[in-house]
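Below, chain A is the first sequence line, B the second, and so on; all start at residue 1. The shown structure was predicted, so the numbers you read here are calculated from the model rather than taken from an experiment.
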Amino acid sequence: MKPADGPPHQLGLTMTATVSISAIEKRFGATQTLKGVSVDVAAGEFLTLVGPSGCGKSTLLRILAGLIPQDGGTIHIDGAPVDHLAPKDRDVSMVFQSYALYPHMTVRENISTPLRVQKLHRSARMPVIGRFVPGQATARAEIASAVEAVARQVEIESLLSRRPAQLSGGQRQRVALARAMVRQPRVFLMDEPLSNLDARLRVHMRGELSELHRQLGATFVYVTHDQVEAMTMSTRVALMMEGEIIQVAPPQEIYANPADIRVARFIGSPEINLFAAEADDQGQVSVAGRPTGLRTKPKGPLTIGLRPEVIAVNGGPSDIAIPARLNRMERLGHDVLLHVRPEVDADTSAIVRVSAAEVEALRMRGHLEERLTLGAPAASALLFAADGKRLPSRAAQGVQAAERV
Amino acid sequence: MSRVRSFLTRIGFGPGQIAMHLFLLVCAFAMVFPFYWMVLTAFRPSQEVFLPTFHWLPQEFVGFDNFRDAFAKAPLWRFMANGLIVCAGILVVQLLTAIPCAYALAKFEFRGRQALFALVLFGLCVPVQVPALPLYLGLAFTGTLDSYFSMMLPFFLSVFAIFLFRQVFRSFPDDIIHAARLDGMGEFEILWRIVVPSAKPAIAAFAVFSITAHWNDLYWPLVVVTSPELAPPPLGMMYFRDTDLGSSFGSLMAAATVLTAPLMILFLFAQRHFIRGITMTGVK
């Protein structure tokens with residue numbers, strides 16, 4: 001994106017606002033799509049609502065925009081309730097997955113529509129005769145220059161007289177962005193705007209959107225089912241499942257410190273490895289009967305989560321040790337994914353991410369054919385209770401957890 | 001013969017296809033022949049109609065004599081102008097009423113929507129003859145019989161148009177309507193400036209249906225119109241046949257040719273849209 005232009009349309013100086021969503025409920029027939037969702041978005045923040053399809057995130061965004069009414073709860077923008085306001089009076093812009101461009105209008109007309117509605121008198125917007133309505137010249141000139149400026153910013157000046165059908169997916173995406181930007185709204189709402197683009201363009205547009213957010217300084221609420229988009233662009237991620245927000249945290253935090261087993265499984269690729277475990281009366285955690293250097297509070301069955309990159313293969317003594325056999329390898333270039341089957345539990349499988357060099361070393365020593373030891377430090381393990389909630393854990397002092405198995 | 005057959009097979013015509021096309025050709029012939037006879041008779045002396053053998057071409061070509069005769073004896077321009085006024089009046093009001101109706105039924109959530117749509121479907125089953133009598137009484141009561149208005153009134157609200165446009169609008173993406181609402185457009189503006197332009201083929205298709213039906217309508221004008229100067233084409237033809245041209249088949253067919261020509265021309269122009277509109281409204 002090019003730097004914003006100076007007056008009269010200072011695109012860099014967009015107003016920004018807080019958004020407060022409290023206890024929003026929505027039912028469609030018998031199914032409750034949103035079960036009292038609450039989240040506060042700070043001014044200028046890039047909040048991503050991420051979750052599997054059907055979790056209600058798009059519905060929430062539409063309620064925020066005023067496009068569908070909620071059954072309960074309130075929305076505040078900039079501290080003022082907006083529940084009674086029509087979409088156009090909420091001063092928000094939205095970018096849709098399908099781009100939602102007006103098919104029979106040129107790019108220029110598409111982008112200028114929000115301003116024409118705002119600045120031109122009703123009669124001046126009529127087809128044909130609208131051109132002869134007097135006293136609109138200044139407004140028209142303003143609109144034209146605003147459209148030019150915003151088109152320059154997303155680099156589509158050369159496409160202004162085309163129609164949407166003549167554009168590629170990436171170009172339509174830019175037009176949709178320009179149409180959302182031209183009005184300089186306080187809040188941008190984006191509903192999976194990158195889903196219809198091919199993989200390369202998606203990576204490119206991720207960067208552009210982040211840059212745009214930095215430039216505009218406006219509040220972004222971004223909906224996606226793609227965790228990579230959520231992790232790379234947002235200041236905070238809100239993970240939604242089954243109509244509820246499970247955790248709201250900065251990307252690194254939600255990855256390192258998931259509050260719930262569903263969060264741990266959704267965020268991270270390849271998925272987190274989960275092993276069934278048991279805590280005894282003293283709080284000592286053991287995996288398939290083997291004690292580990294982990295302690296936690298309530299006794300009973302629980303789950304240990306280990307990210308693929310925290311596991312070391314045959315790395316010497318460690319707090320947690322699980323014997324396993326290699327199933328197959330996926331070489332990704334720099335990294336290798338080892339698909340292994342723990343010996344303790346024949347039904348589970350686990351994925352370990354190691355560097356190509358390590359795999360080469362293991363192969364040279366002939367270890368890949370034999371039984372492997374998956375080891376991990378206690379600090380990197382995530383413990384979850386039987387109901388999926390995160391459990392506090394600490395490394396046990398002085399307990400010899402796992403001599404080499 | 002076998003050579004012809006192998007040629008047909010080569011270009012993808014199996015025996016089933018050939019049988020199908022023969023059947024269609026017979027049907028097409030049955031449709032087109034009366035028109036051919038009409039045009040043929042317009043160009044030959046009336047007596048030739050009564051010849052015992054049928055000839056594909058006029059035995060004696062009379063040029064445009066029959067047309068001249070028809071224009072001299074009957075106010076054909078007047079009939080066509082009447083037809084035009086009635087058809088245009090009906091079509092405009094039909095579009096103005098049916099389009100908002102269809103949009104509401106297709107895109108708004110409101111109580112009773114299903115019931116209203118059921119009523120529309122029910123309305124499709126009622127022929128114009130059923131409410132003819134009350135309509136006639138109403139027009140008589142208000143003193144508007146024998147006018148353009150009386151010819152147009154029963155057709156102002158077209159349930160068929162509501163049904164057709166509702167099907168078309170339903171497939172219009174909600175996201176675009178949502179975007180327009182966020183951009184600040186009012187509902188009528190969204191409808192006329194965003195939704196309707198994308199439904200042009202369907203509107204063209206409906207226009208062809210509507211204009212054909214009302215240009216050719218004899219029943220209702222016959223009921224409400226008594227002055228010959230208000231007669232639309234079919235009614236005009238009827239007066240015309242009775243009074244001046246009882247036996248002059250040549251002139252009668254010349255007049256018929258002139259009066260059907262506008263429809264032919266209209267269809268030729270709208271054909272592309274018409275076919276697109278018909279296929280668009282089908283199950284996608």
A.B. asks: A:His104, A:Lys88, A:Arg90: which one forms the most heavy-atom pairs within less than 4.5 Å of chain B?
C.D. replies: A:His104

A.B. asks: CZ of B:Arg113: more than 12 outside heavy atoms within 6.0 angstrom?
C.D. replies: yes

A.B. asks: State, to 0.1 Å, how close B:Arg181 and A:Leu67 come at their nearest heavy-atom pair, and which atoms those are.
C.D. replies: CB-CD2, 4.2 Å

A.B. asks: Looking only at non-hydrogen atoms, find the nearest pair between A:Leu101 and B:Ile176 and report the distance.
C.D. replies: O-CD1, 3.5 Å

A.B. asks: Taking the side chain as every heavy atom from C-beta outward, state whether B:Ile190 and A:Tyr102 have any pair of such atoms under 4.5 Å apart.
C.D. replies: no

A.B. asks: Check for a donor-acceptor pair, side chain of B:His178 on one end and backbone N or O of A:Met94 on the other, with a separation under 3.5 Å.
C.D. replies: no

A.B. asks: Just wondering, more than 12 heavy atoms not from B:Phe188 lying within 6.0 Å of its CZ?
C.D. replies: no

A.B. asks: Looking at A:Arg62 and B:Asp175, does any basic side-chain N land under 4.0 Å from a carboxylate oxygen?
C.D. replies: yes

A.B. asks: More than 12 non-hydrogen atoms from neighbouring residues, nucleotides or ligands closer than 6.0 Å to CZ on B:Phe122, yes or no?
C.D. replies: no

A.B. asks: Where on A:Val92 is there a heavy atom nearer than 4.5 Å to chain B: the side chain, the backbone, both, or neither?
C.D. replies: both

A.B. asks: Of all the heavy-atom pairs spanning B:Leu182 and A:Arg183, show the shortest one and how long it is.
C.D. replies: O-NH2, 3.3 Å

A.B. asks: Quick one, B:Asp183 and A:Arg179 - any side-chain contact, counting heavy atoms below 4.5 Å?
C.D. replies: yes

A.B. asks: For A:Phe28, I'd like to know if atom CZ has over 12 heavy atoms of other residues, nucleotides or ligands within 6.0 Å.
C.D. replies: yes

A.B. asks: Could you tell me whether B:Phe269 atom CZ has more than 12 heavy atoms of other residues or ligands within 6.0 Å of it?
C.D. replies: no

